[in-house]
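Inspection log for the structure reproduced underneath, given as structure tokens.
Hydrogens, waters and symmetry mates play no part in the numbers below; they use all other heavy atoms, side chains included.
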Amino acid sequence: MEQRTVPVAEGGLLAALTVILALAAVYLPVIGIAAALLWPIPIIVLVVRHGVRQGMMAAVVAGIIMALFIDPVTALQMVISFMPTGIVLGWGFRRSWSAVKVFLAAFAASTAAKLAAVLLLLFVMGVNVFDIQIDVMKQSMDASVELYRSMGIDEAQLSEMSGQMERMAELVSLLIPLIVILMGMLDAVISYMVGSRILKRLGETVPVMPPFASWHLPRWILMLFGFALVGMYWGTTREMDLLYRASLNLNLICIFAGFIQGLSLLWYASDHWGLGKAIRIIIAVVLLFNGLLMYITALTGLFDMVFDYRARMARKKRG
């Protein structure tokens, strides 16, 4: 009886915690974002310690309570958006998968969940969240232009500024698939990092990620990058809008992957040259805020997938 009471009691506490996080996500403007991203954490802990069934039951109970306190659609959206991430991470940790396998599975589940939540709002409520965000962005841009006009800014400059803002809004509308993928990745990264730390403190065994300096992404990403460039060219010259949209998103995904690989190469080079942690962090921040340097780093990372500059540096060091 005591053994059965423990998971029920712990499940109740963790379910209550998910409700508190959900309420914070809805009603607190800034803290709510962090609360939403932390929503899968109690589910992860419950699955690792007591199994998938207990985790899913706690998520369902939390969803029902959220529906009573908030509204059914928001509750269903929260459960669909974040529960799969917690279930998959908890299952992977419980089954002692490798760190890479756990993260990739969580990333796939999280991305699919975010897409499902968007489709839920679209088909059930008739609401396109991205159109709403784009409209809010345009309203904010119009308000900014009016503010600058009231300050006496030249109309030619205002017209140019307005044109740049409109192009930015159009670009955001083209990058909806990329935004969904990045949302899934952000959720998976935060859930993995926070969840693994909490599990370690609870005495659970958690797989360790390979050192960042040793990360190698697959070579076929460079091939996808080449296909994306060709697709963007064909989509533009032959007026194939769907091909252009898909290729643009694929191109930016490959560039993002190349940037991660480039930073990993930078970390390896920093170890190779004996640079301190503070210096490499400063360099990484500079790269993040300089578009040209960031793109060069991404290209370097893409070519590193094929040419493996780290192996060359290691051979040179041995020689």
Can you find a pair of side-chain heavy atoms, one from [X] and one from [Y], that are under 4.5 Å apart?
| X | Y | result |
| --- | --- | --- |
| Glu239 | Tyr244 | no |
| Thr205 | Ser96 | no |
| Tyr268 | Tyr309 | no |
| Pro210 | Val100 | yes |
| Asp308 | His216 | yes |
| Arg312 | Phe307 | yes |
| Ile279 | Ile282 | no |

Identify the heavy atoms of [X] and [Y] that sit nearest to each other, and give their distance.
| X | Y | result |
| --- | --- | --- |
| Ala59 | Val79 | O-CG2, 4.1 Å |
| Ile44 | Ser191 | CD1-O, 3.7 Å |
| Val52 | Trp91 | CG2-CE3, 3.2 Å |
| Gly55 | Ile87 | C-CD1, 4.0 Å |
| Val88 | Ala109 | CG2-CB, 3.6 Å |
| Gly63 | Ala75 | O-CB, 3.5 Å |

Report task. Kindly indicate, with the supporting measurements, whether the criterion side chain to side chain contact (heavy atoms under 4.5 Å, CB included) is fulfilled by Met294 and Phe289. Result -> CA-CA 8 Å; Met294 185 175 181; Phe289 288 95; over 6 Å; no

Query raised in the report: Is it true that atom CE of Met232 has more than 12 heavy atoms of other residues, nucleotides or ligands lying nearer than 6.0 Å?
Result: yes

Between atom [atom1] of [X] and atom [atom2] of [Y], what is the distance when rounded to the nearest 0.5 Å?
| X | Y | atom1 | atom2 | result |
| --- | --- | --- | --- | --- |
| Phe259 | Thr300 | CZ | OG1 | 11.0 Å |
| Ile80 | Leu115 | CD1 | CG | 11.0 Å |
| Phe82 | Ser110 | CZ | OG | 7.5 Å |
| Met305 | Gln261 | CE | CD | 4.5 Å |
| Leu248 | Leu250 | CG | CG | 9.5 Å |
| Thr297 | Asp304 | OG1 | CG | 12.0 Å |

Quick check on the hydrophobic clustering: are [X] and [Y] connected, directly or via other members, by side-chain heavy-atom contacts under 4.5 Å?
| X | Y | answer |
| --- | --- | --- |
| Trp220 | Leu217 | yes |
| Leu266 | Ile296 | no |
| Leu202 | Ile41 | yes |
| Trp234 | Leu224 | no |
| Leu186 | Ile253 | yes |

Donor-acceptor pair, [X] side chain versus [Y] backbone, under 3.5 Å?
| X | Y | value |
| --- | --- | --- |
| Ser264 | Ile260 | no |
| Asn249 | Leu178 | yes |
| Lys114 | Ser81 | yes |

Query raised in the report: Taking it one step at a time, do Ile198 and Glu204 satisfy side chain to side chain contact (heavy atoms under 4.5 Å, CB included)?
Result: CA-CA 9 Å; Ile198 291 176; Glu204 302 289 343; over 6 Å; no

Report task. Show your working on side chain to side chain contact (heavy atoms under 4.5 Å, CB included) between Phe103 and Val189 and close with a plain yes or no. Result -> CA-CA 8 Å; Phe103 176 76; Val189 168; 3.7 Å; yes

Requested in this report: Apply side chain to side chain contact (heavy atoms under 4.5 Å, CB included) to the pair Tyr233 and Arg238, showing each step before the final yes or no.
Outcome: CA-CA 8 Å; Tyr233 174 75; Arg238 304 183 185 186; over 6 Å; no

Report task. Taking the six-membered ring for Trp and the single ring otherwise, decide whether the centroids of Phe93 and Tyr192 are under 6.0 Å apart. Result -> yes

Query raised in the report: Taking atom types as modelled, is there a side-chain donor on Arg310 or Ser214 under 3.5 Å from an acceptor on the other?
Result: no

Query raised in the report: Does the side chain of Ser196 pick up a donor-acceptor pair with the side chain of Lys200 at under 3.5 Å?
Result: no

Report task. Please determine if Arg245 and Asp241 form a salt bridge, counting it only when a charged side-chain N lies under 4.0 Å from a carboxylate O. Result -> yes

Query raised in the report: Using 30° and 60° as the class limits, which term best fits the ring planes of Trp215 and Phe212: parallel, tilted or perpendicular?
Result: perpendicular

